[in-house]
*Asks:* 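Got a structure here, written out as C-alpha cells. Questions coming.
Lettering follows sequence order; numbering is per chain, from 1.
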Amino acid sequence: MTKIVPMEEAVAAIPEGALLALGGFAIARSPVAFVHEMIRQGKRNLTIAQCIGAFETDLLVGAGAVKRLIYAGGTLDRPGPLHNINRAIAQGTIEVSEYSGFSLALRFLAGSLGLPYLPAYTLLGSEILERLLQEKNPEVALGECPFTGERVVMLKALQPDYAIIHVPRSDPQGNAIIYGPCWDLEAALAAETIILTADEIFSGELTPQQAQEVAIPAPRVKMVVHQPYGAHPTSVYGKYDYDRRHIDEYVSCATTPEGMKKYLDKYIYGVSCFDEYLELIGGLRRIQELAADSLKKY
Amino acid sequence: MTKIVPMEEAVAAIPEGALLALGGFAIARSPVAFVHEMIRQGKRNLTIAQCIGAFETDLLVGAGAVKRLIYAGGTLDRPGPLHNINRAIAQGTIEVSEYSGFSLALRFLAGSLGLPYLPAYTLLGSEILERLLQEKNPEVALGECPFTGERVVMLKALQPDYAIIHVPRSDPQGNAIIYGPCWDLEAALAAETIILTADEIFSGELTPQQAQEVAIPAPRVKMVVHQPYGAHPTSVYGKYDYDRRHIDEYVSCATTPEGMKKYLDKYIYGVSCFDEYLELIGGLRRIQELAADSLKKY
Amino acid sequence: MIKSGDYTTRELMAVAGARELQDNQNVVVGLGLPQVATELARRTHAPHINIILEIGVVNPAPIEPTVGIADPRFWYKSEYFTTFVGAMGQFLHRGLVDVGFLGGLEVDMYGNLNSTLVELPGGGIRHFTGSGGGNDIASLAKKTLVIMPHQKRKFPPKVSYLTSPGYLQGGSSRREAGLKGGGPEKVITDKAVLGFDKKSGRMKLLSVHPGVTIEEVIAHTGFELLIEEVTTTAPPTENEIRLLREVIDPLRMYIK
Amino acid sequence: MIKSGDYTTRELMAVAGARELQDNQNVVVGLGLPQVATELARRTHAPHINIILEIGVVNPAPIEPTVGIADPRFWYKSEYFTTFVGAMGQFLHRGLVDVGFLGGLEVDMYGNLNSTLVELPGGGIRHFTGSGGGNDIASLAKKTLVIMPHQKRKFPPKVSYLTSPGYLQGGSSRREAGLKGGGPEKVITDKAVLGFDKKSGRMKLLSVHPGVTIEEVIAHTGFELLIEEVTTTAPPTENEIRLLREVIDPLRMYIK
C-alpha cells in the first residue's frame, strides 16, 4: 500500500497549532522542503520540539510560524548561530521551554515506548531545571527513586502530533533507511503520526540487507513525500553534503529581520515548490557539486 | 587493541555467584560454547537474567550451576519445554523471579541507560506482580505517575555483572555485528562487562556499511572469544540453522535428571573443548548441512 | 457450498480467528493457529495487516513451516528488525497493537490466563512456560484473542495462577488495576467461540461450531457461562480452505 | 628544545587538554580545541581513547576539517552509529564517559557555566546557543574540562544563567543536588590552567602559560582565585607541535 503523497497534500494535513517534532540537527538532515511548504501554506501557532535546534526550525521561527519551542539549544555549527530563534526568544515573540539535549531525548524515548515519564540524573542544580519547574503546566518534576531514595528528575513523556523526518531512502510503504547517526529516531517514534520526506523511493520486496537498514518501520508511517534533495542546504549522509555557500548566505540574511524577510521572499514565497528553489540555488550543477562521495559518504 | 582471548580465559573471569545476562532466546543465538566451558569449569551459584528462557540457560540449570533465575518464562519452541528450568522451579532447587518479557526488558533498558528505574503499565493485576512485590528485596514497586496520577509499575534498573552474547561477527576490538532481530541488545548494554563469543572475526578498518551494522560498540566490550558455531545447536541468522536433530536429543535427555546427566557427561564433561563437541555432533559434515542459505539467511 | 465434513476443527478455528482481524491492524503473532489465522486474514480481507513478533521482527512472510518465533524461517522477508524493547515497547506498550493472540493452560470465567504452573493433587507444583510476552500482550493490546482446547479442567472458575490478566475479578476491576489494553475479546476453542459481557466481564457463549451442542460446551466448561443468543460458527468458505491447505499450511502442521 | 615563540597559545591549550586525557578513556568531544586535544592524545599517549559525538557517532577518524559535530566530515571512519539516546544514554548517563569538554559564555568561581543568555545593560536579554548536550555532560561525565578565553567578563563571581552545573554553590552542594558526575576538573584558558579546591569547590590557579604573570591572570578574572603553588604550564614538545601542524590541523583552523 503506497503512502506516497504530494508535498502539498502532506503539508496540508498539519493543522494550525500542531505539536511537531522536526528531524534536523544543526545542519544535518533537516526536513527543509517540508518546512518551505509549511511556510508557503501559512501555518501558524506551531509548537516545535527538537533536541538540538536546526536549520529548518530557525527558518520556521523566522517565518513567524512558531508559537512555542521545546528544545535544548543549538547552532548551525561554525556557519553561525540560530539567529531567528535567539532573536525570538530574546524578544519574547515565542515561548520557549529549554532543556538539555538528553533530558528532551528522554521525553521522546518515553513517548516512543508509551512510558508515562522517565527518571534521570541530569538537569539537577541547573537554572534550566529551575525554569522548567516554574512553568505553568510543568512537564518536569523532582522526585526520588523508590529503590535507592536518590533524587531524580522525572521527565514527562512527549508524544508530538507529527514527526517530520527527512530520510535518504524509503519504500512507498514507509520503510525508511537512514545512514549514519540517527539522532532523530526517538523523536520520530514518539510522534502520533510520522511523515517522511525522502530523497529516494526504492521499491520491490526488501532484501534482508535492506530490512536490516530500516530505521523507521512502515507500520508507524502515515505519509511519504518523494522530494530529492529535500534537506538542502543541510546534508544527508550518504547522499549529499551541506551547502556551505547557501548556509552562509542564510546566516548573513538571518542576522536581521529585514534580511530574513528578503530570504523568505526570494527562496520560499518567491517559488511555487521546492524544485523551483533547487533551480534558484544553482540547479543541477550545484546539486552535482554536493553529491556525496561513495566511500566518504559526504 | 585486540580483545580476543581464549574461551578458557574468558570463562575463568566469571566469579562464583556472578549475575549474568545470557543472550539466547529459545533456540536462537544462545552462547552455548561459553556455557559449556562454564559447566566444565564448575561455576556455581550463578544468577541468570534473561528475558525469554533459552537453550543455554536450561543447560546451565541442568548442570546445577544456577542459584537464581530472573526471567519471563520460555520454551525451546516446538521441540519442547525448558525441562531443567521447569523441574528446578517446581522442586525449589533454584530461586526464581518471574517477570513478563517486556517488564524484564525494561529493567535491562533502564540499566543500559543508567536510569534508576522505569515506570510502565504492564504486569498490573497479575500474580506475577503480586509475587514480585512479595520478594524479600523487591525490585518492583507500585507507584503513580506524577503528571497523570495513573498507577504504574516501577521496574528497578538491572545491571548484570556480565552479559554473554553470541554474535555472528565481531572485529578484534569488539565491534559486533548482529543480523536479524536483536532481542538481547538491551540486556547486553545493561551489563557492567560484555563478553562476546563470535562465529567469525573480521579485521581491518570498518567500512561505513559495517559501522552501520555494528550493534554492540567496542568501547562496551571487554573480551571477544572466537568460537565458530559457538551457538550450536541454536541458530545464528545469516550463519547457520538450529540443529533440530540435536535439540530433539537434548529435550529427550532433559526430560529426566538421569537423562540430563548422560547428556552432560557425553557432550560437555566428556570433551575438553567446544570444537571436540562439534566433532561429536557430526563434525564438518553436519555443520555444512546447517549452513545458512545466502538469501534466506537460515 | 462447504459442508461440515469438508474442513477440520482447527481450520474452522483459524477462520474464526482470521475474521476477528481487520485491515491495517497491528497484530502480535505467535506460532501455530495465530500465525495461520493472521496469514489467512492477510490473504483475504486484511491485506495490509502488520505482523509483529515479540522477538523483534515486523512483517515477515514465511514460506516454510516454523517451530516458533525464534525460528529464522518465521523471519523470512521481514521488513524491519528491532530489539525486544523495540517490538514490545514501540508497538505494544505504545498502545499500537490492535490484536494479540494468547493461549495457556487455563482460562477462567473472566478471561484470566494461567500459563505458569499448576498445583499437583499430591502437593507441589508443575511449572510450565510462564508469561513470555503473554502478560504484556494481555495487559496492553487493544484486544486479545484467546485460543484454547475446550476442556473442563482448562476452564476453571478461577485460574490457579494469574499469569495474564483478563477482566480480573470482573466488573471494573481491570480498569481499576490500571491496565490500558482492552482485554480478551474472544475465546476460540475447538467447540465454540466465546466472548465477554461488557459490564460483568464474564465469559459468554457466542456460537457453537457446526455439530457441537450448547450442552456439550456447558459440560466442558468448569464455570457458568452466560448464554443468551447463541449462533452457529460460520463455516469456512471454499477459498479460505483452499488458502489454508494449498498456500498457508500445505504440510498441515497446524490445521490438521 | 621548544621556546615560547615556537608555538601558539591555542597549540599550548590543545596540548594542555591532551595531557588531561588517559588511554582507554571514553571522551565526549565537540568541535575545535576539544577535537584537536583528543586527537593529539590519541596520537601520543592515549591510542585507545574512545571518541563519542553526542549526535550518535563513536570513534570517528576525520581527515578533513569540519564545521561541527553535525558535519559528516566529523563522522568519517566511525565504528558505530547510534541515536541521540544511544550516545548520551548508553555512554554518558550510564556513567561511562570519563571526560567531557565544555565551553560557554561565562564560567564562575565554582565552575558553573552559562551558555544560554546574557542580560543586556539596558534591560532585556541576548540569547545564545543554550545547553545542547552541555548540561548533560557537566552533570554526568566523570570529569569535565572547560576551555574558555580568559576575560574578566567571562569569569564573573556568579554566572548570569546556570546552564551547566559546576560545583554549584560550592562545598557539598553539587553532591547534594544529586549530580552523579565528578564536575569540572580543569579550566584551560589562553592565559592559564585552573583547577578546583576539592573541599570548597572554588577555582584555583594551577599554572600560568609561559610569558603570562599571575597578576595578569588575576586581572582578567572577575572573582578571587585561590592561589597556592602556581607553576608554569608545560610547553608542547616538538612531536606535539609537529602532529598538530602536520597531521591534526594542517589548515590551522583551530590552532592558529
*Asks:* Please classify the contact between Leu96(C) and chain A as side chain, backbone, both or neither, with a heavy-atom cut-off of under 4.5 Å.
*Replies:*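 For Leu96(C), the side chain is the part near chain A, not the backbone.
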
*Asks:* Name the region of His93(C), side chain, backbone, both or neither, that has any atom closer than 4.5 Å to a heavy atom of chain A.
*Replies:*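 Both the backbone and the side chain of His93(C) come within 4.5 Å of chain A.
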
*Asks:* So if I take each residue of residues 205-229 of chain A and look for any heavy atom under 4.5 Å from a heavy atom in chain C, which residues do I end up with?
*Replies:*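 Only Glu205(A), Leu206(A), Pro208(A), Ala211(A), Gln212(A), Val214(A), Ala215(A), Pro217(A), Ala218(A), Pro219(A), Arg220(A) of residues 205-229 of chain A have a heavy atom under 4.5 Å from chain C.
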
*Asks:* When the side chains of residues 241-248 of chain C are checked against the rest of the protein, which donor-acceptor pairs come out under 3.5 Å, sequence neighbours left out?
*Replies:*
residue	atom	partner	partner atom	Å
Arg242(C)	NH2	Asn239(C)	OD1	2.9
Arg245(C)	NE	Glu11(C)	OE2	2.7
Arg245(C)	NH2	Asp6(C)	O	2.8
Arg245(C)	NH2	Glu11(C)	OE1	2.7
Arg245(C)	NH2	Glu11(C)	OE2	3.4

*Asks:* Give me each pair satisfying salt bridge (Lys or Arg N to Asp or Glu O under 4.0 Å) with a member in residues 154-182 of chain A, each pair once, sequence neighbours excluded.
*Replies:* Arg169(A)-Glu200(A)

*Asks:* Under 4.5 Å from any heavy atom of chain A, what part of Phe91(C) do you find: side chain, backbone, both or neither?
*Replies:*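 Only the side chain of Phe91(C) comes within 4.5 Å of chain A.
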
*Asks:* Under a 3.5 Å threshold, yes or no: a donor from one side chain and an acceptor from the other, between His166(A) and Asp184(A)?
*Replies:*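 Checked: His166(A)/Asp184(A) side chains show no N/O donor-acceptor pair below 3.5 Å.
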
*Asks:* Could you point out which residue of Asn59(C), Leu92(C), Asp98(C) forms a side chain to side chain contact (heavy atoms under 4.5 Å, CB included) with Asn26(C)?
*Replies:*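 Testing each of Asn59(C), Leu92(C), Asp98(C) against Asn26(C), the sole residue satisfying side chain to side chain contact (heavy atoms under 4.5 Å, CB included) is Asp98(C).
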
*Asks:* Considering only heavy atoms, which portion of Glu186(A) lies under 4.5 Å from any heavy atom of chain C: side chain, backbone, both, or neither?
*Replies:*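 When you check distances to chain C, no heavy atom of Glu186(A) falls under 4.5 Å.
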
*Asks:* Verify whether the ring centers belonging to Tyr237(A) and Tyr298(A) lie closer than 6.0 Å.
*Replies:*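 No, the ring of Tyr237(A) stays outside the 6.0 Å limit from the ring of Tyr298(A), centre to centre.
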
*Asks:* Side chains of Ser131(C) and Thr116(C): closer than 4.5 Å at any heavy-atom pair?
*Replies:*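 Side chain of Ser131(C) against side chain of Thr116(C), heavy atoms only: no contact under 4.5 Å found.
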
*Asks:* Any chance CZ of Arg252(C) has more than 12 other-residue heavy atoms, nucleotides or ligands included, within less than 6.0 Å?
*Replies:* yes

*Asks:* Would you list the pairs meeting salt bridge (Lys or Arg N to Asp or Glu O under 4.0 Å) in which at least one residue belongs to residues 39-56 of chain C, sequence neighbours left out?
*Replies:* Glu39(C)-Arg42(C), Glu39(C)-Arg43(C)

